[in-house]
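Encoded as structure tokens, the structure appears first; notes follow it.
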Amino acid sequence: MSRQQNWYVKNLGDALLAGSELERVKALFQADYDKAQDPGQMAIFMRHESEGRLHCDVVIYFPPATEMLARRLNAASCPAPAPRDLGLLVGADQAWTTLFREY
């Protein structure tokens, strides 16, 4: 039985204030992506989540292929997110179909 690989999650806070942090994350990701031998599953996904509050937070999800970046950014380990309302922030387009093929 194979061990399921972890995803990682990081809440960037209020969507109105997260722009500069999103740009920083994308730049860090791009540097790793450019060096990768097989970047096919490298991506970062994003969702606006409110959890019943008035304002929503920007929450980003890192699949297992981006574990090193997630750890550098102090993201927390989590199960794979449901793809509902999830968008590709940056990365390989094929990552979406590879990582969420069952949906």
Side-chain angles (χ1 to χ4, degrees):
M1 183 171 153
S2 66
R3 185 174 75 80
Q4 182 180 8
Q5 293 180 309
N6 286 333
W7 281 65
Y8 294 85
V9 61
K10 183 163 180 75
N11 187 328
L12 299 183
D14 190 312
L16 297 174
L17 305 174
S20 63
E21 185 63 10
L22 278 173
E23 292 306 313
R24 183 175 86 87
V25 168
K26 287 195 283 187
L28 290 170
F29 171 87
Q30 193 62 51
D32 287 352
Y33 186 83
D34 290 344
K35 289 186 260 179
Q37 297 293 323
D38 182 17
Q41 291 187 17
M42 290 184 71
I44 300 176
F45 298 91
M46 179 181 86
R47 179 171 30 226
H48 290 88
E49 299 180 7
S50 68
E51 298 179 8
R53 295 182 311 271
L54 179 60
H55 297 285
C56 61
D57 288 349
V58 172
V59 179
I60 55 176
Y61 293 91
F62 302 84
T66 58
E67 177 181 6
M68 297 304 289
L69 176 58
R71 288 178 180 269
R72 282 197 320 255
L73 295 170
N74 297 315
S77 181
C78 70
R84 184 171 177 262
D85 299 325
L86 201 62
L88 180 64
L89 174 65
V90 64
D93 288 333
Q94 73 245 30
W96 180 266
T97 55
T98 302
L99 295 166
F100 298 106
R101 74 181 90 192
E102 68 272 7
Y103 290 95

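For residues 16-37, the pairs satisfying ring pair (Phe, Tyr, Trp, His ring centres under 6.0 Å) are F29-Y33, with sequence neighbours left out.
No chain of hydrophobic side-chain contacts below 4.5 Å, direct or via other Ile, Leu, Val, Met, Phe, Trp or Tyr residues, connects L86 to F62. Cluster annotation: I60 and M42 are assigned to the same hydrophobic cluster (Ile/Leu/Val/Met/Phe/Trp/Tyr, side-chain heavy-atom contacts under 4.5 Å, transitive).
No more than 12 heavy atoms of other residues, nucleotides or ligands sit less than 6.0 Å from atom CG of D93.
With contacts defined as side-chain heavy-atom distances shorter than 4.5 Å, the pair P79/W7 does not qualify. Within the 4.5 Å cutoff, the side chain of D32 has heavy atoms near those of the R72 side chain. Looking at heavy atoms from C-beta onward, L89 lies in side-chain contact with L22 at the 4.5 angstrom threshold.
The two atoms that bring P64 and N6 nearest to each other are CG-O, 3.4 Å, heavy atoms only. Annotation for Y61 and C78: closest pair CD2-SG, 4.2 Å, computed over non-hydrogen atoms. Residues A92 and G40 come closest through the heavy atom pair CB-O, 3.5 Å.
A distance of 10.5 Å separates CD in Q94 from CG in L88, rounded to the nearest 0.5 Å. In this structure, NE2 in H48 is found 9.5 Å from CG in D14, a value given to the nearest 0.5 Å. Between Q30 atom CD and L69 atom CG the span is 11.5 Å, to the nearest 0.5 Å. In this structure, the separation between CG on D85 and CE on M46 is 11.0 Å, given to the nearest 0.5 Å.
Judged by distance alone, the side chain of R47 and the main-chain N or O of A82 form a donor-acceptor pair under 3.5 Å. Distance alone, capped at 3.5 Å, places no donor-acceptor pair between the D57 side chain and the V59 backbone. In this structure a side-chain-to-backbone donor-acceptor pair under 3.5 Å is present from K10 to L73.
Under the 30°/60° scheme for interplanar angles, the aromatic rings of F45 and W96 are found to be tilted.
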